[in-house]
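Per chain, numbering begins at 1; letters A, B, ... match sequence-line order.
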Amino acid sequence: MSHTTFPSIDPAAHLARVRERSPLIHNITNLVAMNTMANVLLAIGASPAMVHAREEAAEFTAIADALTINIGTVSPHWVEAMIEAAEAARLVGKPWVLDPVAVGATAYRRETGAHLLERLPTVIRGNASEIIALEAGGAGGRGVDSSDPAEAAEQAAVRLARRTGGVVAVTGEVDLVTDGRRLARVHGGHALMPRVTTLGCSLTGVVAAFVAGAEDTFAATVAALACYAAAGGIAGETARGPGSFAVAFLDALHALEGETLGPRLQLEMTDAT
Amino acid sequence: MSHTTFPSIDPAAHLARVRERSPLIHNITNLVAMNTMANVLLAIGASPAMVHAREEAAEFTAIADALTINIGTVSPHWVEAMIEAAEAARLVGKPWVLDPVAVGATAYRRETGAHLLERLPTVIRGNASEIIALEAGGAGGRGVDSSDPAEAAEQAAVRLARRTGGVVAVTGEVDLVTDGRRLARVHGGHALMPRVTTLGCSLTGVVAAFVAGAEDTFAATVAALACYAAAGGIAGETARGPGSFAVAFLDALHALEGETLGPRLQLEMTDAT
Amino acid sequence: MSHTTFPSIDPAAHLARVRERSPLIHNITNLVAMNTMANVLLAIGASPAMVHAREEAAEFTAIADALTINIGTVSPHWVEAMIEAAEAARLVGKPWVLDPVAVGATAYRRETGAHLLERLPTVIRGNASEIIALEAGGAGGRGVDSSDPAEAAEQAAVRLARRTGGVVAVTGEVDLVTDGRRLARVHGGHALMPRVTTLGCSLTGVVAAFVAGAEDTFAATVAALACYAAAGGIAGETARGPGSFAVAFLDALHALEGETLGPRLQLEMTDAT
């Protein structure tokens, strides 16, 4: 397994494209994440919209550039809208990103996760416990916080990517991205990131913003995670705790550019095995 | 068109009245805006309450000093509560403010917007794309971010004000307020304001707080926008990005008073044509 | 009535236990509070989860360490889930904390409050107006902000504690905690705390985190309030308004430890009369 920097992914170029196009990201996300996710998407240069009523979700997907679905606070009406929106995304060829929050915690989540998985997400982003549970179609993990390191989910991620034909990103202290063939590790970030709620959920939106209109979904996902980790590292330099970290993180995302990004990138590439 | 400072609107006096009365503002708003809007209303000196269940919405409107309705994340149960609350407001003579978020984006929003418009809002506050779409009863605008400058909505705003007998405020880089007869422009604010989510939605609450118990709805709306723009200008002086802007903005709203407000006011008045 | 520092409650020891165990707190809370409450729980060292669908709420209660129920933005589906979760908590012996937001404001809230009270909360935390209204089973208070000082609710709190066999906490400028036999007053905090939305709702989560697995619910509740007040005092030293207060408060909660906590504790103990 070679650990060389992969030359063909240029996160700064992906970021510049997001800023130039300002993609409209349609999010059916959880109630905790909505405000933070919208601010994160604005800071990265995208245009967020939260639209979850069944009466309009699929219609909105068709006008958006990408869709995200997060099962953090699911309920029956929302699940119906999620499924219709995911199907609309497939139908019109819009990328969609699944965030299977705490998918192993209850029967309802396992069932919802399985229904959404059938709609073949373009990207799946979760923590290790979630990816393991989603892949196994079964139990695992108590809540929203992962009890496993990302590394533990490597095999599950590769299998899930091959089964869906999409990209799977497992985020943790070191992030892991695979399309079933290639495998990237993204280092960086900061220890305070998991102490601020919904930064993971918000990253799902950033992945969608990078993937929208990208030629290589794998590269775009790696670029999104790399930018996020870099902003986390910058924010961590001045933060005095999770409150000031959250503020500094939005400032850092907003100010992120090639020059500040370059020295912070720590990517490893290898073949998935 | 004369560009003189209009002498009869004194935003500082309106602000002092809000602080003294601490009006109870009943909000049926979107899920993204709730927390920020509550903090903005507390910072300006009002008392916010978010009550949207049909089982209690109209009853609560009767005890509140003003009502706001925002269609940012509508769903059927909420729409029913919105309509009942708007009717209760009219019945008991409480002012209510409509925020037609992304009203042109889907058929469901257009229909909801039309139903609410029939209940004759005391004030309508939106961005240019929303005011144009609401007035035309038709399509326009993709998401929540305006694709038109406020100026482009001037004629639609004047027509809408005349049709409803209320006040229409179009916010953007320069805000525009009209009651169909008078027309005010409010300058100021800061370029980071549209990069912080739901500051527009929150302004709708501030308008309601200023309009509650005011003799002149037009003057109160102008005063609310002027105070908001001044706080934005103050916050922009220390902000390092959208994260620190949001924090500084709440601090500035809370500290706002006649002395800091005065030098920042930039109002123009003219007749609506 | 003796006003001596009660020697047997050691808030620092309670805090250390929360940090060590990182209890999973299941919250069915209001839409305004969700994000702030999750951040507050993370900052104190707990693991928050917001799960409110009837399809999974009771199942989730069984795997959590404690449950909180907050009626701030109730609607019928949520009330059903609240009742089922509260019953599940009783059945499996998990502590649960009731936050009766604005319970006196509407008939729907009074009815919901009464239904939940029948499920005998382990702790009830509210402001004075809410505790008075909940105890009386009747009207009182307009919105979410208390119109009474905590002291005014002392008798209602004692009666409510005796009737339910639980602990009642009335928060305000001085907090009051009683189990019907003992009565504690917690001083401290900061004047900006009521100017930041949902800090009271979030405290309900902190109470649950301290009560989970504690031997003495009364002592754990007092410890939670004492830690919260201390963090408020620390945050107030650097805050320039409610925006920077909210940020500094999360930082202070996260950094709180025995050494910083000790000099700030101001507890009084007496017998309930």
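- Two residues are said to be in side-chain contact when any heavy atoms from C-beta on lie closer than 4.5 Å; A/Asn30 and C/Met34 fail this criterion.
- Here C/Ala53 is the residue among C/Ala81, C/Ala53, C/Ala255 with the most heavy-atom pairs under 4.5 Å with chain A.
- Residues A/Thr106 and C/Glu59 share a closest heavy-atom pair of CA-OE2, 3.3 Å.
- Of the N and O atoms on the side chains of C/Asn35 and A/Thr197, not one donor lies less than 3.5 Å from an acceptor on the other residue.
- Taking CZ of A/Phe245 as the reference point, atom NE2 of C/His254 lies at 11.0 Å (rounded to 0.5 Å).
- Counted within 6.0 Å of CD on C/Glu173, heavy atoms from surrounding residues, nucleotides or ligands total 12 or fewer; the atom is thus considered open.
- Note that CD of C/Glu55 and CZ of A/Arg109 are 11.5 Å apart. Values are rounded to the nearest 0.5 Å.
- The minimum heavy-atom distance linking A/Ser244 with C/Asp251 is given by the pair OG-OD2, 2.7 Å.
- Atom NE2 of A/His77 sits in a sparse spot, with 12 or fewer heavy atoms from other residues, nucleotides or ligands closer than 6.0 Å.
- Taking OG1 from A/Thr73 and CE from C/Met50, the interatomic distance works out to 10.0 Å, rounded to the nearest 0.5 Å.
- Among A/Ser75, A/Ala246, A/Ala107, the residue making the largest number of heavy-atom pairs under 4.5 Å with chain C is A/Ala107.
- With a threshold of 4.5 angstrom between heavy atoms, A/Ala239 does not approach chain C through any atom at all.
- To the nearest 0.5 Å, the span separating CZ on A/Arg195 from CG on C/Leu253 amounts to 11.5 Å.
- A/Arg240 contributes atom CZ, which lies 12.0 Å from atom CG of C/Leu250 (distance to the nearest 0.5 angstrom).
- Heavy atoms closer than 4.5 Å to chain C are found in the side chain of A/Val247, but not in its backbone.
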